[in-house]
2 protein chains.
Amino acid sequence: MCDLLKEEVYYIVIMNKKNKISVAIVDDKKDIRENLEILLNSSANIDCIGTFPNYHSAVNNIPDLEPDVVLMDINMPGKSGIDCIKNLKPKMLQTQFIMLTMYDDSEMVFEALTNGAAGYLLKRTTPHELLDSIVEVYNGGSPMSMEIARMVVDSFKQELRKNKIKEKLTKREWEILGHLSKGMRYKEIAEQLYISVETVRSHLRKIYEKLQVRSATEAVLKYLQK
Amino acid sequence: MCDLLKEEVYYIVIMNKKNKISVAIVDDKKDIRENLEILLNSSANIDCIGTFPNYHSAVNNIPDLEPDVVLMDINMPGKSGIDCIKNLKPKMLQTQFIMLTMYDDSEMVFEALTNGAAGYLLKRTTPHELLDSIVEVYNGGSPMSMEIARMVVDSFKQELRKNKIKEKLTKREWEILGHLSKGMRYKEIAEQLYISVETVRSHLRKIYEKLQVRSATEAVLKYLQK
DNA sequence: TCCACAATAGCACAAAAGTGTGAATTTTTT
DNA sequence: AAAAAATTCACACTTTTGTGCTATTGTGGA
């Protein structure tokens with residue numbers, strides 16, 4: 001028992017030494033790098049272990065550092081932060097990446113997130129929130145600025161809606177909607193599928209009901225996702 | 001008469017000396033540069049006057065050489081062939097550029113062509129075709145691999161079609177088609193635009209005629225291109 | 001000034017689409 | 001095997017669309 005306890009205490013001491021979250025910074029602007037470094041090191045449980053101004057220095061050095069977290073600026077001249085994360089994340093699956101950017105450009109956000117970024121903050125984030133976010137991401141969370149979170153949620157809802165439609169419509173209904181979306185008339189669809197126009201109308205009635213629309217045009221628009 | 005004849009002969013000799021098509025090569029791979037050079041010089045009417053391995057050597061030297069034709073590899077590390085042509089073409093409007101690439105990436109193709117490339121060949125082009133293409137481009141043609149030509153033609157057709165629609169439809173018609181493409185009914189469009197349903201129908205009639213369609217769905221599909 | 005054309009609007013008729021109700025048959029799920 | 005859902009079809013009725021023809025008014029160019 002005594003030995004066990006001793007060992008446990010020793011272990012905890014080691015952990016405490018290592019317990020600072022090691023962070024690397026990638027940003028092309030010198031003043032931002034320096035300010036971030038000062039900010040991070042001002043925190044008791046965060047250790048900034050390296051700053052890098054561009055793609056090449058980042059991909060060449062960060063893998064060896066094995067930081068817990070990387071703060072990555074998106075908008076860098078030449079190879080962007082997106083390129084960095086594409087290169088780095090596959091090599092360091094244990095490292096969490098937080099993207100920093102001035103703008104909430106949706107394309108960027110999704111590219112970053114699908115390439116393995118865990119967090120996405122706008123640069124107007126307060127220092128305090130940034131430090132919190134680092135801890136959060138280290139603990140498996142996904143810190144995001146409100147605007148970003150909203151975008152992500154919206155797109156998620158959109159995906160859900162799309163899947164729900166697919167889920168709701170039967171194979172045949174989906175097929176008929178597909179033909180309708182090529183500009184075909186009921187009659188033509190009927191001929192194409194070797195069924196009567198009445199049947200097509202039956203299906204369309206159900207489709208409209210499920211999609212909450214009242215015309216072919218509206219249904220087609222929903223089909224072509226929007 | 002005798003003098004005139006003499007002069008003419010002399011002139012022709014000069015022209016023959018100059019008549020070889022001068023070609024410069026830009027490619028990062030040494031073996032390709034050398035093979036191309038040998039190929040070009042094996043032709044009686046082509047003279048390879050320089051080869052360059054990268055962006056900097058190309059932009060620094062090619063303008064002074066004033067070649068008739070430049071063979072430009074697209075896929076070079078660092079600054080690409082696209083960057084080269086962006087830099088060079090404005091300085092040498094008389095020089096024709098042929099892009100060489102392994103892949104028929106549509107974005108590349110269009111960027112190259114809009115930046116002044118006259119020809120675009122895939123690297124699987126045979127030596128004979130390549131020599132022909134150099135002569136062709138020198139004579140004002142636009143040699144392209146079949147796949148490339150097809151892409152260009154397709155996108156061209158698409159542009160044409162879209163412009164044609166816009167060209168044909170009046171402002172009001174375009175507006176009404178826009179509303180229709182939101183899934184609105186005639187009645188709703190009429191209310192929205194403070195006109196009678198009959199007027200909307202009048203416009204739609206003309207629109208359908210111009211777009212060669214027979215239903216709202218078809219018109220909307222054309223409006224949403226594709 | 002005259003003409004072409006855009007924008008407006010109306011009437012009439014036919015075709016197509018949308019809606020309510022019901023039902024037979026097949027397939028899938030439970 | 002029973003229940004549920006999907007597929008098929010039908011009839012009736014209303015609304016919306018598609019189309020042909022016509023007409024008035026305003027506007028910009030030949």
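Predicted model, so just to flag it, every value in this text is computed and none were measured. Naming convention: chains lettered A, B, ... in sequence-line order (proteins, then strands); numbering from 1 in each chain. Hydrogens, waters and symmetry mates are skipped; everything else that's a heavy atom, side chains included, is used.
A donor atom on one side chain and an acceptor atom on the other are found under 3.5 Å apart for A/N75 and A/T101.
Between B/K206 and B/E209, no side-chain nitrogen of the basic residue sits less than 4.0 Å from a carboxylate oxygen of the acidic one, so the salt-bridge criterion is not met. A salt bridge links A/K29 with A/D73: the distance from a Lys NZ or Arg NE/NH1/NH2 to an Asp or Glu carboxylate oxygen falls below 4.0 Å. Salt bridge absent: A/E188 and A/R185 never bring a charged side-chain N and a carboxylate O closer than 4.0 Å. A/E173 and A/K210 are joined by a salt bridge, as a carboxylate oxygen and a charged side-chain nitrogen come within less than 4.0 angstrom of each other.
B/T170 has a side-chain polar atom (N or O) that falls below the 4.0 Å cut-off from OP1 or OP2 of C/dA7.
For the segment residues 188-210 of chain B, the set of residues with a heavy atom within less than 4.0 Å of an atom of DNA chain C comprises B/I195, B/S196, B/E198, B/T199, B/R201, B/S202, B/H203, B/R205, in numerical order.
Rounded to an integer number of Å, the gap from A/L180 CG to C/dG18 C1' is 12 Å. The NZ-P distance, from A/K171 to C/dT26, rounds to 18 Å in whole Å. Between the CZ atom of B/R214 and the C1' atom of D/dT17 there is a distance of 14 Å, rounded to whole Å. In this structure, the CD atom of A/E173 is 13 Å from the P atom of D/dA5, given to the nearest Å. Rounded to an integer number of Å, the gap from CH2 of A/W174 to P of D/dT7 is 14 Å. Distance A/I176 CD1 to D/dT7 P: 8 Å, rounded to the nearest Å. Here the P atom of nucleotide D/dT14 and the OH atom of B/Y186 are 22 Å apart, to the nearest Å. Separating the NZ atom of B/K187 from the P atom of D/dT17 is a distance of 10 Å, rounded to the nearest angstrom.
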Exercise. What do the steps show when you test B/D27 against B/K123 for side chain to side chain contact (heavy atoms under 4.5 Å, CB included), and what is the final call?
Worked result: CA-CA 12 Å; B/D27 197 311; B/K123 280 196 174 164; 3.3 Å; yes
